[in-house]
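Residue numbers start at 1 and run along the sequence shown.
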Amino acid sequence: MKRVNDPKGTRARILEAAFKEFYRHGFQGGSLNRIVNGAGVTKGSIFHHFEGKSALGYAVVDELLYEMVDEEWSKALQTSSDPIAEIKGIIDAKGRQFACDGVKLCQGCPINNLAQEMSPLDEGFQKRIARIYDHWRSSIAAALENGIRCGKVRREVSPPAVAALVVAAFAGMAGTVKNARDPDLFLRIREGLFGYLDTLKA
């Protein structure tokens with residue numbers, strides 16, 4: 001059979017395998033050999049596309065994790081005139097993933113995991129993860145500002161403050177559920193957070 005040269009496809013497979021490896025084992029515990037096996041490539045292919053393990057980790061943050069927040073939060077909120085309902089819907093969807101997916105239940109939020117593990121140790125990770133959190137908070141704040149204009153959110157609400165709280169609460173929620181390994185705990189935290197969000201309605 002003729003070998004197909006597909007560098008973009010190879011790079012994408014490496015990134016996806018690296019994401020899964022770092023999510024399950026952490027960056028420091030992540031194995032390049034397992035990434036090689038997961039991607040179905042040679043170790044030479046990894047070093048052809050990435051200078052080393054750190055560069056691979058940075059690419060996972062810059063491309064996959066940033067895109068995950070952009071898709072799940074930013075794009076959904078961008079077109080919403082009722083941001084409180086949209087935020088609750090996003091959190092409910094993530095809760096269903098926790099309830100149905102044993103890996104997510106045990107592993108928590110991949111962004112928060114890397115932030116806790118690597119931000120104190122590596123400035124490259126810290127700056128890249130901070131960029132994701134900034135984008136996440138800005139997207140929520142912009143949606144809340146639009147909600148105020150549309151009459152769905154109380155005018156005295158501070159969008160940046162609420163956005164910061166929602167992101168911190170969601171990341172902490174995932175970490176708490178990860179430790180407890182109890183999807184019912186997610187529901188109890190959800191109830192408290194949703195009760196707060198309902199107080200913001202106009």
Side-chain angles (χ1 to χ4, degrees), residues 1-80 86 89-119 121-140 142 167 170-171 174-175 177-178:
M1 290 181 63
K2 184 179 179 181
R3 186 176 179 181
V4 177
N5 185 23
D6 181 18
K8 288 185 178 179
T10 298
R11 187 179 186 279
R13 290 201 310 276
I14 293 169
L15 279 176
E16 185 61 31
F19 165 75
K20 291 177 180 177
E21 176 67 12
F22 299 151
Y23 188 26
R24 184 174 289 276
H25 299 285
F27 177 76
Q28 294 176 92
S31 163
L32 288 180
N33 288 332
R34 285 194 294 262
I35 293 170
V36 164
N37 291 335
V41 300
T42 64
K43 192 170 284 189
S45 293
I46 291 182
F47 290 108
H48 172 74
H49 291 280
F50 306 95
E51 291 182 1
K53 187 179 178 183
S54 289
L56 177 56
Y58 294 163
V60 167
V61 175
D62 286 338
E63 299 175 41
L64 297 192
L65 295 185
Y66 188 94
E67 180 64 22
M68 182 180 73
V69 166
D70 199 54
E71 284 290 331
E72 294 179 354
W73 289 85
S74 305
K75 290 180 180 177
L77 290 169
Q78 204 170 40
T79 57
S80 175
E86 192 70 48
I90 294 168
I91 293 172
D92 269 342
K94 299 303 288 184
R96 287 192 293 273
Q97 288 181 13
F98 276 120
C100 298
D101 189 327
V103 173
K104 285 187 170 66
L105 175 64
C106 295
Q107 298 306 124
C109 171
I111 300 166
N112 189 47
N113 290 351
L114 271 180
Q116 295 293 324
E117 179 190 6
M118 296 306 298
S119 288
L121 305 177
D122 187 297
E123 188 177 8
F125 274 105
Q126 186 273 323
K127 288 182 175 179
R128 285 168 169 83
I129 294 168
R131 173 174 169 262
I132 292 177
Y133 279 126
D134 286 343
H135 180 52
W136 194 350
R137 287 188 291 265
S138 296
S139 299
I140 295 173
V167 171
F170 183 82
V177 174
K178 168 186 172 180

* Asked: Under the side chain to side chain donor-acceptor pair (under 3.5 Å) rule, what pairs show up with a residue in residues 11-21, not counting sequence neighbours?
  ->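 Output for this query lists Arg11-Glu63, Glu21-Arg34.
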
* Test item: Tyr58 and Asp122 side chains (from C-beta on) under 4.5 Å apart, heavy atoms ->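 With C-beta onward as the side chain, the pair touches.
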
* Side-chain heavy-atom pair Thr10, His48 within 4.5 angstrom cut-off ->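 Side chain of Thr10 against side chain of His48, heavy atoms only: no contact under 4.5 Å found.
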
* Is the NZ atom of Lys75 crowded by more than 12 outside heavy atoms at less than 6.0 Å? ->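 Atom NZ in Lys75 is packed in, count exceeds 12.
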
* Is the count of non-hydrogen atoms from other residues, nucleotides or ligands lying under 6.0 Å from Glu123 atom CD greater than 12? ->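 No - once you tally the heavy atoms of other residues, nucleotides and ligands closer than 6.0 Å, there are 12 at most.
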
Of all heavy-atom pairs between [X] and [Y], which one has the smallest distance, and what is that distance?
X     : Y     : answer
Gly57 : Phe27 : CA-CE1, 3.9 Å
Ser80 : Glu86 : OG-CB, 3.6 Å
Ala17 : Ile35 : CB-O, 3.7 Å
Ala59 : Leu15 : CB-CD2, 3.6 Å

* Asked: Stepwise, does the side-chain contact (heavy atoms from CB on, under 4.5 Å) test hold for Phe170 with Ile111?
  -> CA-CA 11 Å; Phe170 183 82; Ile111 300 166; over 6 Å; no

Using side-chain contact (heavy atoms from CB on, under 4.5 Å) as the criterion, list what pairs up with [X], not counting sequence neighbours.
X      : result
Asn112 : Cys109, Gln116, Tyr133, Ala171
Gln78  : none
Asp134 : Arg137
Val36  : Lys43, Ile46

* Under 30°, 30 to 60°, or over 60°: which ring-plane class applies to Trp73 and Trp136, parallel, tilted or perpendicular? ->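 Trp73 and Trp136: tilted rings.
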
Could you give the distance from [atom1] ([X]) to [atom2] ([Y]), rounded to the nearest 0.5 Å?
X      : Y      : atom1 : atom2 : value
Glu67  : Glu72  : CD    : CD    : 10.0 Å
Met118 : Ile129 : CE    : CD1   : 8.0 Å
Tyr23  : Leu64  : OH    : CG    : 13.5 Å
Asn113 : Phe22  : CG    : CZ    : 13.0 Å
Leu114 : Gln28  : CG    : CD    : 10.0 Å
Asp70  : Leu77  : CG    : CG    : 10.5 Å

* Please assess Ser31 against His25 for the test side-chain hydrogen bond (donor to acceptor under 3.5 Å, both in side chains), listing each intermediate value before the final yes or no. => CA-CA 8 Å; Ser31 163; His25 299 285; over 6 Å; no

* Which residue pairs satisfy the salt bridge (Lys or Arg N to Asp or Glu O under 4.0 Å) criterion with at least one member in residues 47-62, sequence neighbours excluded? -> Asp62-Arg128

